[in-house]
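To start, the structure under review is shown below, and the notes come after it.
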Amino acid sequence: MKDISTKRVGLTDSVFFLSMGIIGGSYVLLILLLLVADIAYMVQGASWGEVVFENPMVLALAKPEIRYSIMLSLISCTLSAILSLLVAVPIGWLLSRFRFRGRNLLDAILDIPIVLPPLVVGLSLLILFQFWPLTARLPFVGMSLNEFVVYQIPAVILAQFAVAAAFAVRTMKATFDEINPRCEQVALTLGCSRMQSFMRVTLPEAGRGMLTAFTLAWARALGEFGPLLIFAGATRNKTEVLSTTVYLELSIGDLEAAVAVSLIMVFAAVSVLLITRVWGARDVMV
Amino acid sequence: MIVVDNITVHAGDFVLRDVSFKLNAGEYGALMGRTGCGKTTLLEAIIGLKQVQGGAIQIGERDVTHERPAARGIGYVPQDGALFSTMTVRDHLAFALEIRRLPKDQIQNRVDELAQWLGIEHLLTRRPFGLSGGERQRVAMGRALSFYPAILLLDEPLSAVDEETRGEMYELLRRVQKQSGVTVLHVTHNAEEAREMADVVFVLRDGKIQKEGA
């Protein structure tokens, strides 16, 4: 008689879970190995004293130009993340709540910064600023927007923002999609104007999503390189941010310093990630 | 009093045409109909969440057909409660009154009164997360009644409530209506619920309303 028992089910289930775990785990392992390799490269052959006091990271931190680049990175990433959130909230809400003519087109346009090669974003920004009115001399200021932005600090922020905002928009749209629109409608019946219902009901509900969008935009801005190189340049003590530092150190053959700065970036990104995770989790617990 | 006079409402491809009914002040009306027959669309038109393409809606003596939801003075309890996840139960009850900038002591008094009516005094500092179906509906009802509306619209308020709590909720609804004197329109697809609660039953069938005495 044909065996129709199900005793082999247990085996196939464990094989299934094992293969899922192995396939998934290999990627997690790759991520961890990347970080471990950086650290291992830095500490190889050094004594404990050297590791603590003379490692390339400490040496890198001692250089004024690298301290400048850390400071500029922190400030520019924070500003571009704030700007990203500022545009992502209204766009995300409008896209999530309303079906209007041209909505699909708008949706596609918002993906352009994500799919466009970063260098092209930078080049396009550079070209945009060659056109009037951006080249027109502003009254009272004595300079044009072009002179004020291109190859200057504002270019760093604008280049970071141009790409980071697209990620923030995606996150905010998903956030608003998850919030029950009925809540806003109920607020309207309770006497709210559209603006009141948005500010008092929708935005507080979107708090966690806003935090995620901010973090994502911040991390994205930190890693931005291509557009910066073209649009803001890589001038030491002027438009140099951490990603540019890695490039500059590599270009003069100082691999140790490049790795050290990379690790500083890793710490910065992981810290932001952890802070927002902990903050977000606390928000849920309340 | 609610008077719906020959209204036409579009909701996507779905159209409700020339719908009329009248519910007198202080009455408890049930609006029945199968799922997908347009009950919620009709309710949204009365509340002002959906534009009507024709006809008129009157609340009391006022024509509210083109008024914003905020100006209509209708308390609305949606099917899922739609509570505000970041607010405490107290915030829910005070919300509409804070929007109207009432003095703090008056808000406090109203919150206490509602909490007592609805038996949710012990929940005032809680947030919606973790409240039972019945508790959520009580909070949603308190929020809808807080600003002394003339009309209370309930959209399937007991669909998420278990059988045991249902009896309690019937009792509560009756008591609340008596205490507040509010005119209630209660949407349901449950015939027993309609018979149990309503003075008058409206049935929405094939886009038309038929009135049946309860």
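Heavy-atom basis, side chains included; hydrogens, waters and symmetry copies ignored.
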_Are the side chains of A/R182 and B/L49 in contact, using a 4.5 Å heavy-atom criterion?_
yes

_Taking every non-hydrogen pair under 4.5 Å, which of A/I179, A/T202, A/L190 racks up the most with chain B?_
A/L190

*Heavy-atom pair with the smallest gap, counting every atom of B/A82 and A/C183*: O-SG, 3.6 Å

_With a sphere of 6.0 Å drawn around NE2 of B/H10, does it hold more than 12 non-hydrogen atoms of other residues, nucleotides or ligands?_
yes

*Is the shortest heavy-atom distance from the side chain of B/R68 to the side chain of A/L188 under 4.5 Å?*
no

*asked:* Can you tell me how far apart CD1 (B/I99) and OG (A/S197) are? Round to the nearest 0.5 Å.
replied: 9.0 Å

*Kindly indicate whether the side chain of A/Q185, heavy atoms from C-beta on, has any atom under 4.5 Å from the side chain of B/I47.*
no

*So with a 6.0 Å cut-off around CD of B/Q53, is the heavy-atom count from everything else above 12?*
yes

*Can you name the nearest heavy-atom pair linking B/A70 to A/C192, along with the distance?*
CB-O, 3.6 Å

*Crowded around A/F17 CZ? As in, over 12 foreign heavy atoms under 6.0 Å?*
no

_Using heavy-atom distances under 4.5 Å, tell me whether B/R100 contacts chain A through its side chain, its backbone, both, or neither._
side chain

*Looking only at heavy atoms, which of residues 132-158 of chain B get nearer than 4.5 Å to chain A?*
B/R143, B/A144, B/F147

*For A/R101, does the CZ atom sit with more than 12 other heavy atoms under 6.0 Å from it, leaving out its own atoms?*
no

*Please indicate whether B/R17 has more than 12 foreign heavy atoms, meaning atoms of other residues, nucleotides or ligands, lying under 6.0 Å from its CZ.*
no

*Answer yes if the side chains of B/S85 and A/E205 hold a donor-acceptor pair under 3.5 Å, and no otherwise.*
yes

*Give a yes or no on this: more than 12 heavy atoms of other residues, nucleotides or ligands lie within 6.0 Å of atom OH of A/Y27.*
no

*Going through the checks in order, is the side-chain contact (heavy atoms from CB on, under 4.5 Å) test met by A/R200 and B/F95?*
CA-CA 9 Å; A/R200 283 170 166 260; B/F95 185 84; 4.0 Å; yes

_Does any backbone or side-chain atom of B/Q79 lie under 4.5 Å from a heavy atom of chain A? Answer side chain, backbone, both or neither._
neither

*Atom CZ of B/R174: over 12 foreign heavy atoms under 6.0 Å*: yes

